[in-house]
Amino acid sequence: MTVTALQARYGDAAPALNLPELPVLDAMLSHRSVRHFVRDALPEHTLETLVAAAQSAPTSSNLQTWSVIAVESQERREALANLVGPQKHLAVAPLVLVFLADLSRIERLGQAQGRDPVGLHYLDTFLMGVIDAALAAQNAVVAAEAMGLGTVYVGGMRNQPEEVVKVLGTPPNVFPVFGLVVGRPDPAKPAAIKPRLPQSAVLHREQYQVPADQSQEIGDYNEALRQFMRTHGMREVDWSAQVVERLGSPEALTGRHRLYEALRNAGFRYTDIDSSTEG
């Protein structure tokens, strides 16, 4: 499976690796985003298992600046599905996990001790919460796929974050970073391993190397992805054009250009260097 997954991921550019046959490595290399689920219930204790895997991920200084909301009710999953797309698979799969950058817990601990943890008001601490949430979620993904389940991330939670917050009932200093849909994949509509850029495009040794020939930076990846799209009945487009278009204007960000405003609406306040040294 490992060799097959590498071939699917890299095509002719697949590195020749002598890899051990490890189930967890096979699961990671065979990852695919699943958007077609059956409505069957998940195995007993799936949620608790995924949270245990998530909490086993690294966390900066053991501050644990993240939380997760398990959304299982049909009504609430449908509400989220409409807010993030719409993306119908949120309403089909039985579980949506919304991972949060959560600074409110430390704020409450400070209040209980009569102290003000001013470090919460610096951008790096919010970034820490985002990183912690991402590390935790990826552990949950690996665990879910090892259990034979399918997953897909949902960045659309940031399209209308104020409305998402209303559905989730989060307090100030908590922000929905992304969602994770978990369910049993629909065998009638299997997902496939999507090609990725060649390792030469993302791997730099010792220092960042800007390619002398931009046309060679991504190799034949445009054609590889076109072939993938063709095989799976998707609209064909060059990846290099698609990614530039996706970031070509504020409107292309589908609401996420308002992130700073949305964070302020969620109660986050940031101190800059100048203001912290005044007075």
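All values below were derived from every heavy atom in this structure, side-chain atoms included, with hydrogens, water molecules and symmetry-related copies excluded.
- Between T65 and S60, the closest side-chain pair of non-hydrogen atoms is not below 4.5 Å.
- Shown here for M157 and V96, the closest heavy-atom pair between the two residues is CE-CG1, 4.2 Å.
- Under a 3.5 Å cut-off, the side chain of E236 and the backbone N or O of M229 do not form any donor-acceptor pair.
- Donor-acceptor pairing under 3.5 Å is recorded for the side chains of E78 and Q74.
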Please tabulate, for side-chain N and O atoms in residues 33-46, each donor-acceptor pair with protein atoms closer than 3.5 Å (sequence neighbours left out).
unit_1: R39; atom_1: NH1; unit_2: A91; atom_2: O; d: 3.3
unit_1: T46; atom_1: OG1; unit_2: P43; atom_2: O; d: 2.6

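- W239 places none of its side-chain heavy atoms less than 4.5 Å from the side chain of V237.
- Of all the heavy atoms in S56 and A52, the pair that sits closest is OG-O, 2.8 Å.
- Judged by distance alone, with hydrogens and angles left aside, the side-chain atoms of R77 form a donor-acceptor pair with the main-chain N or O of A93 at under 3.5 Å.
- When atom types are taken as modelled, the side chain of Y153 and the backbone of Q138 share a donor-acceptor pair closer than 3.5 angstrom.
- Looking at D102 and S67, their side chains do bring a donor and an acceptor atom within 3.5 Å of each other.
- Under the 3.5 Å distance criterion, the side-chain polar atoms of R105 are matched with a main-chain donor or acceptor of W66.
- Looking only at atom types and distance, the side chain of R230 has a donor-acceptor partner in the side chain of Q227 under 3.5 Å away.
- Put simply, the side chain of Y10 never gets that close to the backbone of L197: no donor and acceptor are under 3.5 Å apart.
- Using a 4.5 Å heavy-atom threshold, the side chains of L168 and V71 count as touching.
- Q199 places no side-chain N or O within donor-acceptor distance of the main-chain N or O of L203, the cut-off being under 3.5 Å.
- The environment of CD in E48 is crowded: more than 12 heavy-atom neighbours from other residues, nucleotides or ligands sit within 6.0 Å.
- Less than 6.0 angstrom separates the ring centroid of F268 from the ring centroid of F126.
- In this structure a side-chain-to-backbone donor-acceptor pair under 3.5 Å is missing from E145 to V142.
- A252 approaches R246 most closely through the heavy-atom pair O-NH1, 2.8 Å.
- With sequence neighbours excluded, no residue forms a ring pair (Phe, Tyr, Trp, His ring centres under 6.0 Å) with Y260.
- In terms of modelled atom types and a separation under 3.5 Å, the side chain of N222 and the main chain of S240 share a donor-acceptor contact.
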